[in-house]
Engineer: 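Below are the structure tokens for one structure; questions will follow.
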Amino acid sequence: MKLTLEGIKDKAAWKSAGITLPGYDIEGLREKTKSAPEWVHFGIGNIFRIFIGSIADQLIENGELATGLVCVESYDFEVVDKIYRPFDNLELSVILNNDGTRDKKVLAPFAEALKADPAEQNDWDRLKEVFTSRSLQMVSFTITEKGYSLTDSSGAYTKPVLQDFENGPAGAKTAMAIVTSMLYERYVHGAWPLALVSMDNCSHNGERLKTAVRAVAKEWVSRKYCEEGFLSYISDESKVSFPWTMIDKITPRPEEAVAQELNSLGVENMDVVVTDKKTFIAPFGNAEKVQYLVVEDRFPNGRPRLEDAGVYMTDRETVNKSERMKVCTCLNPIHTALCTYDCMLGYEMFADGMKDPDLLKLACLIGYQEGMKVVTDPGIISPKAFLDEVIHERMPNPYLGDTSQRIAVDISQMVGIRFGETIKSYVTKYGSAGTLVGIPLAIAGWIRYLLAVDDEGKRFELAPDPMIPELQERLSGIETADENGIHERLQPILSNENIFGIDLYQAGIGIKIEKMAGEELKGPHSVRKTLQKYL
């Protein structure tokens, strides 16, 4: 069986393999999308395909969405060449249930896949055509947290961003410049309304997207690339809105075991691909069944009936509370705290680390004891029930095959969101965060992890993270440093508000983290001993 439009015509073969096929007219859907696109998405990797794709697929199946998704990649073009086009933009969704069973379905809402690159003239022209269509209602994003960042840890614009400022809309290369360039096309050709919807795991994601787009636009207006009225257009939320969202679905990298099962069922060419940019992707996606998407209902040009596919449509305050609950307390801080210790203690799979008594204790300390004291209750989801589901059902699911290395990708850009918000809440509520133990242990573990040496003294490879060179340079020689030497190396990091959103010394935990990190540096098994001491 081939995962292509021609291949899925043999419905009996797919049914006998236990794989559900789309019940709608795929080619008709694509024709409608070509002439009147409604939904564009940037960042077309695993979570988009199996989560956002499943939402669109359900709406199409139910007759509530008549067009498909225009899939746009701005970072890793191999994804388009190796995963979309050879498989006619189809995906095989594999849901990994807690009991070991797997639900399999072919998803087909992906109408077309484009490379957002001025050098790819046909794709670039088509992207302009899509953005200038009056029918376009929303542009959503899963480009990871770093996709919105224009600056480095010092607050200075990065070199690629500065180049985009100089080159203007026609030569845009970074994601935020590309989006701003397309928005300018829309402005020039009618200034139609539009919603730009970040679905990434970062605090106030809509605000971050809006800030980045406006920053690029201001630079281009000052250089006379864009008309002054463009700034007014993207600043008017009745014209261009930036809804906030909370998204949650554990989506590991495509698993070799899943690929082998699909091949054994007769599905061809299910190999996992690792691109030159270290994107792990496959013609299939695998993920847990549980999923949450909470979206601020602010769509000036209309929207699909997302609520009919299980999406919570609500106001900004409720989205913000839901996002804070998940990102700052009930899920992401636990992921971030444990993944570094997993790497140092020899656990490849995150679920295996959850069986470790010390790491489970750390998870419960950060979640139930420290987090729940300042957790934000969104009203639509119970924080306690959500945390119970995370710790006792979702994270320990051995069938997810989620690796701690995947969770640790870009970790240095996430510690501020995952821990900084709770730290700031403690300072606001209690005057100091000095009573915290689990979160300081997590930050100390992150610092110790950056040395790329496990608790046995063996080297290991760090997950990709653009801040590693800068941080490792600051930590150089810390292994043999005395107490004063440790302070000299850690003080610039722990006091950096660009990393944590707050000076950790002023918050009352800087010295505590220094002490914990120093104890974890005292040779083999000191990481385990330090955990046990403080827990």
Side-chain angles (χ1 to χ4, degrees), residues 329-373 387 390-392 395-396 402-405 407-408 411-412 414-415 418-420 422-423 426 433-460 462-463 471 475 478-479 481 483 486-487 489-490 493-494 500 504 507-535:
T329 307
C330 292
L331 190 148
N332 296 104
I334 297 166
H335 257 160
T336 301
L338 267 61
C339 70
T340 55
Y341 280 106
D342 282 350
C343 293
M344 293 186 288
L345 297 176
Y347 295 115
E348 180 182 354
M349 297 297 168
F350 193 85
D352 291 337
M354 287 295 292
K355 297 174 187 172
D356 184 299
D358 295 328
L359 296 184
L360 179 58
K361 195 178 290 186
L362 178 60
C364 291
L365 173 60
I366 290 173
Y368 289 111
Q369 296 179 47
E370 296 181 346
M372 281 294 151
K373 289 181 180 178
L387 182 60
V390 163
I391 288 184
H392 301 298
M395 287 184 174
D402 202 8
T403 66
S404 298
Q405 277 268 335
I407 296 166
I411 188 172
S412 300
M414 298 176 181
V415 288
R418 308 289 160 81
F419 306 129
T422 293
I423 293 167
Y426 266 71
T435 59
L436 293 174
V437 175
I439 287 177
L441 265 179
I443 296 172
W446 164 66
I447 291 166
R448 174 65 177 76
Y449 157 87
L450 289 170
L451 303 183
V453 176
D454 69 16
D455 205 24
E456 301 287 337
K458 300 174 184 174
R459 303 288 303 180
F460 67 89
L462 297 177
L471 291 166
L475 295 173
I478 195 172
E479 303 96 320
E483 189 173 307
I486 288 174
H487 174 74
R489 288 164 175 81
L490 293 189
I493 297 173
L494 301 181
F500 294 101
L504 298 185
I509 57 173
I511 299 301
K512 180 182 286 189
I513 294 168
E514 285 184 13
K515 187 171 187 297
M516 290 172 169
E519 291 176 22
E520 291 189 350
L521 289 165
K522 293 180 178 178
H525 311 297
S526 60
V527 172
R528 173 74 70 181
K529 290 175 184 175
T530 304
L531 275 174
Q532 292 177 340
K533 171 184 174 179
Y534 287 97
L535 292 171

Engineer: SG/C343 to CD1/I407 distance, rounded to the nearest 0.5 angstrom?
Structural biologist: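 Going from the SG atom of C343 to the CD1 atom of I407 covers 9.0 Å.
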
Engineer: Between I439 and I366, which heavy-atom pair has the shortest distance, and what is it?
Structural biologist: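 The pair with the smallest heavy-atom distance is N-CG1, 4.1 Å.
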
Engineer: Can you tell me which residue pairs pass the salt bridge (Lys or Arg N to Asp or Glu O under 4.0 Å) test with a partner in residues 358-370, sequence neighbours excluded?
Structural biologist: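 Counting only pairs at least two positions apart or across chains, the salt bridge (Lys or Arg N to Asp or Glu O under 4.0 Å) contacts touching residues 358-370 are D358-R528.
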
Engineer: With side chains defined as the heavy atoms from C-beta onward, is the minimum distance between I443 and I423 less than 4.5 Å?
Structural biologist: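 Counting from C-beta outward, I443 and I423 do come under 4.5 Å.
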
Engineer: If you compare all heavy atoms of V527 against all heavy atoms of D455, which two are closest, and at what distance to 0.1 Å?
Structural biologist: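 Heavy atoms of V527 and D455 come nearest at N-OD1, 2.9 Å.
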
Engineer: So which atom in A363 and which in I334 form the shortest heavy-atom distance, rounded to 0.1 Å?
Structural biologist: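 Nearest heavy atoms, A363 then I334: CB-CG2, 3.6 Å.
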
Engineer: Write down the atom of E479, the atom of L451, and the distance for their closest heavy-atom approach.
Structural biologist: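 What the structure gives for the nearest pair is CG-CD1, 4.0 Å.
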
Engineer: Output all residues satisfying salt bridge (Lys or Arg N to Asp or Glu O under 4.0 Å) with D342, sequence neighbours left out; order by chain, then residue number.
Structural biologist: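 Not a single residue meets the salt bridge (Lys or Arg N to Asp or Glu O under 4.0 Å) criterion with D342.
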
Engineer: So, for A337 and A442, which heavy atoms are closest and what is the spacing to 0.1 Å?
Structural biologist: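 Closest approach of A337 to A442, heavy atoms only: CB-CB, 3.6 Å.
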
Engineer: For T336, which residues count as a side chain to side chain donor-acceptor pair (under 3.5 Å) partner, sequence neighbours excluded?
Structural biologist: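 Result, side chain to side chain donor-acceptor pair (under 3.5 Å) vs T336: R418.
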
Engineer: Go through the structure and list residues passing side-chain contact (heavy atoms from CB on, under 4.5 Å) with Q369, not counting sequence neighbours.
Structural biologist: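 Only L365 meet the side-chain contact (heavy atoms from CB on, under 4.5 Å) criterion with Q369.
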
Engineer: How far does CZ of R489 sit from CG of L494, to the nearest 0.5 angstrom?
Structural biologist: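 The CZ atom of R489 sits 13.5 Å away from the CG atom of L494.
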
Engineer: If a pair satisfies ring pair (Phe, Tyr, Trp, His ring centres under 6.0 Å) and one of its residues is in residues 332-363, list it, with sequence neighbours excluded.
Structural biologist: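 Residue pairs with at least one partner in residues 332-363: H335-F350.
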
Engineer: Nearest 0.5 Å, what's the CD1-CG distance between I493 and L504?
Structural biologist: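 I493 atom CD1 to L504 atom CG measures 11.0 Å (nearest 0.5 Å).
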
Engineer: List in chain and number order the residues that pass side-chain contact (heavy atoms from CB on, under 4.5 Å) with V453, two or more places apart in sequence or in another chain; answer none if no residue qualifies.
Structural biologist: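 Checked V453 against side-chain contact (heavy atoms from CB on, under 4.5 Å); matches are R448, R459.
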
Engineer: Closest approach of L387 and G367, non-hydrogen atoms and distance?
Structural biologist: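 So the two residues come closest at CD2-C, 3.6 Å.
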
Engineer: Could you state the interatomic distance from NZ (K533) to OG (S526), rounded to the nearest 0.5 Å?
Structural biologist: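 Interatomic distance, K533 NZ to S526 OG, rounded to 0.5 Å: 11.5 Å.
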
Engineer: Could you pull out all residues at least two apart from S412 that satisfy side chain to side chain donor-acceptor pair (under 3.5 Å)?
Structural biologist: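 With neighbours one apart ignored, the set is W446, D465.
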
Engineer: Considering only distance and modelled atom types, tabulate donor-acceptor pairs under 3.5 Å from the side chains of residues 508-518, sequence neighbours left out.
Structural biologist:
| unit_1 | atom_1 | unit_2 | atom_2 | d |
| --- | --- | --- | --- | --- |
| K512 | NZ | G434 | O | 2.7 |
| K512 | NZ | L436 | O | 2.7 |
| E514 | OE1 | H487 | ND1 | 3.3 |
| E514 | OE2 | H487 | ND1 | 2.6 |
| E514 | OE2 | Y505 | OH | 2.5 |
| K515 | NZ | E519 | OE2 | 2.7 |
| K515 | NZ | Y534 | OH | 3.3 |

Engineer: Quick one: ring pair (Phe, Tyr, Trp, His ring centres under 6.0 Å) partners of Y426, sequence neighbours excluded?
Structural biologist: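 With sequence neighbours excluded, Y426 shows a ring pair (Phe, Tyr, Trp, His ring centres under 6.0 Å) to Y430, given in chain and number order.
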
Engineer: Is any side-chain heavy atom of I411 less than 4.5 Å from a side-chain heavy atom of L462?
Structural biologist: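 When only atoms from C-beta onward are counted, L462 and I411 do not touch, as no gap falls below 4.5 Å.
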
Engineer: How long is the gap from CG on D402 to CE on M349, to the nearest 0.5 Å?
Structural biologist: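 One finds 8.5 Å between CG of D402 and CE of M349.
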
Engineer: Nearest 0.5 Å, what's the CD-NZ distance between E520 and K529?
Structural biologist: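 Reported to 0.5 Å precision, the distance equals 12.5 Å.
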
Engineer: The criterion is side-chain contact (heavy atoms from CB on, under 4.5 Å); which residues satisfy it with A463, sequence neighbours excluded?
Structural biologist: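 Result, side-chain contact (heavy atoms from CB on, under 4.5 Å) vs A463: Q405, A408, V409, Y449.
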
Engineer: L359 vs L531, test: side-chain contact (heavy atoms from CB on, under 4.5 Å). Steps then yes/no.
Structural biologist: CA-CA 8 Å; L359 296 184; L531 275 174; 3.9 Å; yes

Engineer: Residues two or more places apart in sequence or in another chain: which of them pass salt bridge (Lys or Arg N to Asp or Glu O under 4.0 Å) with K355?
Structural biologist: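 By the salt bridge (Lys or Arg N to Asp or Glu O under 4.0 Å) rule, K355 matches D352.
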
